Chemist: 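Once you've had a glance at the structure underneath, I'll fire off some questions.
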Amino acid sequence: MNQSVNKTTASQPEAGKVDRDAVARRLARDVEEGWYVNLGVGMPTKVADMIDGDKEVVFHSENGILGMGPGPAPDAIDPWLVNAGKKAVTLLPGSSLFHHGDSFAMIRGGHIDLCVLGAFEVAQNGDLANWTTSSDELLPAVGGAMDLAVGAKRVWVLMQHTAREGEPKLVEKCKYPLTAPGAVDRVYTELGVFEIIDGRFSIIELANGVSFEQVQALTGAPLHGN
Amino acid sequence: MNQSVNKTTASQPEAGKVDRDAVARRLARDVEEGWYVNLGVGMPTKVADMIDGDKEVVFHSENGILGMGPGPAPDAIDPWLVNAGKKAVTLLPGSSLFHHGDSFAMIRGGHIDLCVLGAFEVAQNGDLANWTTSSDELLPAVGGAMDLAVGAKRVWVLMQHTAREGEPKLVEKCKYPLTAPGAVDRVYTELGVFEIIDGRFSIIELANGVSFEQVQALTGAPLHGN
Amino acid sequence: MIDKRVASLAQALEGIADGSTVMIGGFGAVGQPDALVDALAELGIKGLTIVANNAGWSAETGIPRLMDLGLVRKIICSFPKGSTVFRELYLAGKIELELVPQGTLAERIRCGGAGVPAFYTPTSVGTPLADGKEHRDFDGRTYVMERALRADVALIEAWKADRWGNLSYRGSGRNFNPIMAMAATLTIAQANEVSTDPIDPEAVVTPGIFINRVVQVESRVEALLAAQRQA
Amino acid sequence: MIDKRVASLAQALEGIADGSTVMIGGFGAVGQPDALVDALAELGIKGLTIVANNAGWSAETGIPRLMDLGLVRKIICSFPKGSTVFRELYLAGKIELELVPQGTLAERIRCGGAGVPAFYTPTSVGTPLADGKEHRDFDGRTYVMERALRADVALIEAWKADRWGNLSYRGSGRNFNPIMAMAATLTIAQANEVSTDPIDPEAVVTPGIFINRVVQVESRVEALLAAQRQA
C-alpha cells in the first residue's frame with residue numbers, strides 16, 4: 001500500500017510502452033477515503049496497491065468479501081479466500097463475508113461507491129463495451145460486469161487509450177456489444193482523464209507533455225475542454 | 001413436552017366446554033418427526049407442548065427463529081428472544097437465527113412443512129378467513145397470516161367447531177374477507193378431523209361419542225365420508 | 001480512518017428533513033431502536049412516513065410517541081394493533097395506514113435495498129389487500145406485483161457495532177433491522193456495544209457498507225421485559 | 001431424532017434422476033462441492049442441466065468431468081471461460097449454454113428459493129443478453145423481467161455442518177452455496193467437519209431447513225491451491 005513515489009501520469013503515448021502503474025496511481029488519487037470500491041479483473045486490480053496508506057478504502061469482491069487486502073505471502077495463503085479473479089487475497093480489519101445474493105444486492109442496490117473496470121470501448125454518451133468483442137464471439141462470458149456497470153454509484157474505466165493496433169477505444173458509438181448503456185462516468189488512460197458530461201468527453205486533465213491535438217488524434221470522438 | 005396422558009379428542013360438543021388441549025394434542029399426533037412447523041398465535045401455540053417427547057420437530061417463528069423451545073423460567077428470560085406473539089421463548093439445540101427477509105423466504109418458498117393456524121371460517125374449497133371479520137373492520141391488521149397460508153406445504157386449522165353463538169365456522173363459502181383462497185388442507189376441532197379433498201370436507205375421524213348427524217348439524221357445508 | 005461512530009443521539013439524527021420516510025426496525029419491542037426513535041420525537045420533525053412492522057404499544061415511547069406529537073402522516077406496516085395512540089388517530093382520520101402482509105413488507109424492503117424495483121408474490125392474491133394490484137400468472141399460479149420500498153432514513157438496533165459500521169445482533173433482534181439497513185439513503189444504528197475492535201468477519205450480519213452512523217446506547221432491558229409481560 | 005448425516009457420497013446422491021436440473025455451488029474452486037460432483041459423474045446420470053457460476057477448469061474433476069462423460073445437456077452460468085472441455089463441446093454444438101449476468105443468476109436463484117416467481121432488474125438492459133426479454137419502466141428507468149430459477153438437486157459445500165443440517169462456511173466459500181441451498185427440491189451438502197454438536201445459533205449461515213443430507217468430506221486443499229495458481 002505505501003507507495004513512496006507519487007508521480008503524475010506517465011507521458012508516453014505509444015502503445016506498448018504505457019506505464020500502467022502510473023495510470024492506476026493517478027486514478028487512485030481520486031478515490032476518496034471511506035469509499036467502497038470494486039475493482040474489475042486485470043489492470044483495475046492495480047489500483048488497490050496505489051491507494052495512499054493513510055486513506056482507508058474498503059475493497060469489495062463480488063464473490064462475497066468487503067475489506068479485501070493484498071495478496072498473502074506464499075506461506076500464508078488461505079485456500080478458501082480468493083478474489084473475483086480467483087486469486088488468493090487477505091482480509092483487513094473491519095472486513096465481512098457474505099453470499100452472492102447479498103453481494104449483488106450491494107452492487108445492484110447502489111451501495112458500491114466506485115467500480116473500476118477495463119473496457120474495449122467507451123462511447124461519448126457513457127456506453128460501455130467490455131465483455132465481448134463481437135455479437136457472435138465463439139464463447140461469450142459475462143461474469144459480473146453488467147451488474148457492476150449498472151449498479152455502482154460511479155463507474156470509472158481504467159484502460160490504455162487505444163487498442164493494440166492503435167484503434168481508438170474512446171468512440172462516438174460502440175461497435176462492440178454493450179455491457180451497459182450510459183454507465184461510464186470517467187475514463188483514465190495514459191493520455192489523461194476524461195469525464196463524460198452531457199453526452200461528450202470532457203478533458204479533466206492531460207498527461208504531462210501530451211497535447212490536445214495528440215490525444216484528439218488517438219480518440220474516436222470529439223474531446224472538449226472542461 | 002412429555003405429556004403422559006394420551007387421550008383422544010374430547011367429546012363435549014357444547015361451546016364453552018371445549019377441551020382445547022385435547023384438540024391440540026390430537027393435531028400434534030399427526031405432526032411427523034423432522035417437520036419444520038410454524039404455529040399461529042393463540043390456540044395453535046398449544047401444539048408445541050403436545051408433541052411427543054421422542055419426536056423431534058423444529059418450530060419456526062416468523063420473526064427469525066428456527067428451533068424455538070418452550071417459554072423460559074421467569075428468572076431465565078432473555079429479553080431479546082421472543083416468538084411471533086412477542087412472548088419470551090428459548091432456543092433448543094440445533095436452532096438458528098435470521099432476519100425477516102430470510103424468514104419469509106422460508107415461508108413463501110415452501111420450506112415450512114406445516115403451518116397451524118386459527119380461523120374465523122374455513123370453506124369447503126379450502127378458503128381461509130382468519131385475519132379480519134369484516135371488510136370494513138375499524139382497524140385491520142394482517143401480520144404474517146397471508147404469507148403463511150400461501151407458503152407452507154400444509155396448512156392445518158386448529159379451532160373450535162363453531163363460533164361463540166354457535167354459528168358454523170366450516171362453511172360452503174366464507175362470508176369474511178379471505179386470508180388466502182384454497183389454502184387449508186385440514187381442520188381439527190373438538191368434533192373431529194376434516195380434510196379438504198376435491199372441494200369438500202371429508203371426515204377423517206369423529207371425536208369419541210360424536211355422531212355424523214351431530215357434527216353435520218353444527219357444520220355449514222355438507223360433510224362426506226372419507 | 002473510517003469511523004462511523006458518533007458521540008450522541010443528536011449527532012446520529014442530524015440532517016433528517018420534514019416529510020422524510022423513516023424505516024424503524026424491530027418486531028414489537030425486540031430490535032426496536034428505542035433511543036433513536038425517542039430522540040427523533042424530541043426533534044419535532046414533521047410529516048413523517050413510518051415503515052415498521054408494528055405501530056408500537058406504549059404512548060410514552062417509540063412510534064406511538066411520534067404519533068402522539070403529531071409528527072406522523074402515514075404508516076406502512078403489517079400489524080398496527082396494540083397501540084391506543086395509533087388507533088385513535090387512525091379512527092379520527094388523522095393518520096394514513098398502508099397495511100402490508102408481513103412477508104410482503106419484508107421482501108419490498110429487501111428489494112428496495114437490492115436494486116430490484118418490483119417483484120411478484122402469491123401473498124394476498126384473492127384477498128382485499130390485492131385490490132387494485134396488477135395480477136399475473138406464472139406456470140399456472142396467480143401472483144400480484146409488489147413494488148420495492150425505500151426510505152430516506154432507517155433507524156435500526158444492533159447488539160454490537162464496530163467503527164466500520166459492521167453489526168451483529170442478539171437473539172430475535174435481527175428481524176427487520178438487516179434489511180432496513182440496506183434500503184435507506186441514511187442508515188443509523190444504535191448498538192449496545194460499540195468498539196474500535198472489528199467484529200469477526202464471519203460473524204458480521206450487516207456489513208458496514210449499509211451503515212452511515214453508529215451510536216452507543218445502553219439497552220433498556222426493563223422496557224423489553226415490560227413489553228413481554230404486556231404481550 | 002433429526003439426523004441429516006449420511007455415511008457415504010453414494011448415499012448422499014441417492015435418487016437423482018436422468019434429466020435433472022442440478023445447481024452446483026462454488027466460485028471457481030472455492031466452495032465447490034468437488035467430491036459430490038465427482039461422485040455424481042461416476043453415477044452416469046444423463047441429460048443434466050447444470051446451474052453454476054463457472055463451467056469448471058480441469059477435465060479431471062468437477063463440472064468438466066461431467067461434461068466430458070457426456071452427461072450434461074445444458075449449462076446456465078455467467079462465466080464459462082477456462083474450461084477446455086466445455087469450450088470444445090459448445091463449439092461442436094453438443095452442449096447448450098444459457099449465459100446469465102452473475103448478479104442476475106444469483107437473484108434468480110435467491111428468488112427460486114424465496115417463492116418469488118419473477119422480478120425486475122436493470123442488469124443487461126441495452127445489451128444482447130436482454131434480447132427477447134420483457135422490458136418495463138419503473139420511475140423512469142428501464143428494467144428487464146427475469147424468472148426465478150429452481151433445481152431438482154443442489155450440491156453445495158460448507159465448512160461445518162451439524163446433525164440438523166445447519167451450515168457455516170469458510171472465507172469466500174459462501175458464494176452461491178447459501179442461495180442454491182434454498183432453491184432445490186433436494187439439497188445435499190458436503191462439509192469438512194460434521195458434528196452432532198450444534199453450530200452456535202448466531203453463527204449458522206444456512207439453517208438446516210434448507211438441507212436434506214450432509215456428508216463429511218475432507219477438503220482438497222491441494223486442489224484449491226492448484227486452482228489459484230492457474231487463475
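Bear in mind that the values here come from a model prediction, so they are computed numbers and not experimental data. Any value given below was found using the heavy atoms of this structure, including those in side chains, with hydrogens, waters and symmetry copies removed. Protein chains get the first letters and strands the later ones, always in sequence-line order, with residue 1 at the start of each.
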Chemist: Taking NZ, NE, NH1 and NH2 as the nitrogens, is one of them in K74(D) or E98(D) under 4.0 Å from a carboxylate oxygen of the other?
Modeler: yes
Chemist: Please determine whether the number of non-hydrogen atoms from other residues, nucleotides or ligands lying under 6.0 Å from atom NZ of K94(D) exceeds 12.
Modeler: no
Chemist: Between N83(A), L148(A), L178(A), T179(A), who has the most heavy-atom pairs with chain D when the cutoff is under 4.5 Å?
Modeler: L178(A)
Chemist: Which residues in residues 137-159 of chain D have any heavy atom closer than 4.5 Å to a heavy atom of chain A?
Modeler: R141(D), E157(D), W159(D)
Chemist: Of all the heavy-atom pairs spanning V100(D) and R108(D), show the shortest one and how long it is.
Modeler: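 Closest approach of V100(D) to R108(D): CG2-NH1, 3.6 Å.
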Chemist: Decide if atom NZ of K160(D) counts as having more than 12 heavy atoms of other residues, nucleotides or ligands within a radius under 6.0 Å.
Modeler: no
Chemist: So which residues of residues 101-126 of chain A are in contact with chain D at a heavy-atom cut-off of under 4.5 Å?
Modeler: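 Checking residues 101-126 of chain A against chain D gives G101(A), F104(A), R108(A).
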Chemist: Between A106(D), G103(D), S219(D), which shows the greatest number of heavy-atom pairs under 4.5 Å with chain A?
Modeler: G103(D)
Chemist: For the residue pair Y36(A) and H60(A), is the inter-centroid distance of their aromatic rings smaller than 6.0 Å?
Modeler: no
Chemist: Find out whether R73(D) and L48(D) are in side-chain contact, i.e. whether some heavy atom of one side chain is under 4.5 Å from a heavy atom of the other.
Modeler: no
Chemist: Which one, S95(A), A145(A), P79(A), leads in non-hydrogen pairs under 4.5 Å with chain D?
Modeler: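 Of S95(A), A145(A), P79(A), P79(A) has the most heavy-atom pairs under 4.5 Å with chain D.
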Chemist: In terms of heavy-atom proximity below 4.5 Å to chain A, should N177(D) be classed as side chain, backbone, both, or neither?
Modeler: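 Interface part for N177(D): neither.
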Chemist: What residues, two or more places apart in sequence or in another chain, satisfy ring-ring contact (aromatic ring centres under 6.0 Å, His included) together with F79(D)?
Modeler: none
Chemist: Between L225(D), N175(D), N53(D), which shows the greatest number of heavy-atom pairs under 4.5 Å with chain A?
Modeler: N175(D)
Chemist: Counting heavy-atom pairs under 4.5 Å to chain A, which of L91(D), L99(D), I109(D), I179(D) comes out on top?
Modeler: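 Going by pairs under 4.5 Å, I would pick L99(D).
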Chemist: Kindly list each side-chain donor-acceptor pair under 3.5 angstrom involving residues 120-132 of chain D, sequence neighbours excluded, with atom names and distances?
Modeler:
residue: Y120(D); atom: OH; partner: Y120(C); partner atom: OH; Å: 2.8
residue: T121(D); atom: OG1; partner: T123(D); partner atom: N; Å: 3.1
residue: T121(D); atom: OG1; partner: T123(D); partner atom: OG1; Å: 3.4
residue: T123(D); atom: OG1; partner: D147(A); partner atom: OD1; Å: 3.0
residue: T127(D); atom: OG1; partner: S124(D); partner atom: O; Å: 2.7
residue: T127(D); atom: OG1; partner: L129(D); partner atom: N; Å: 3.1

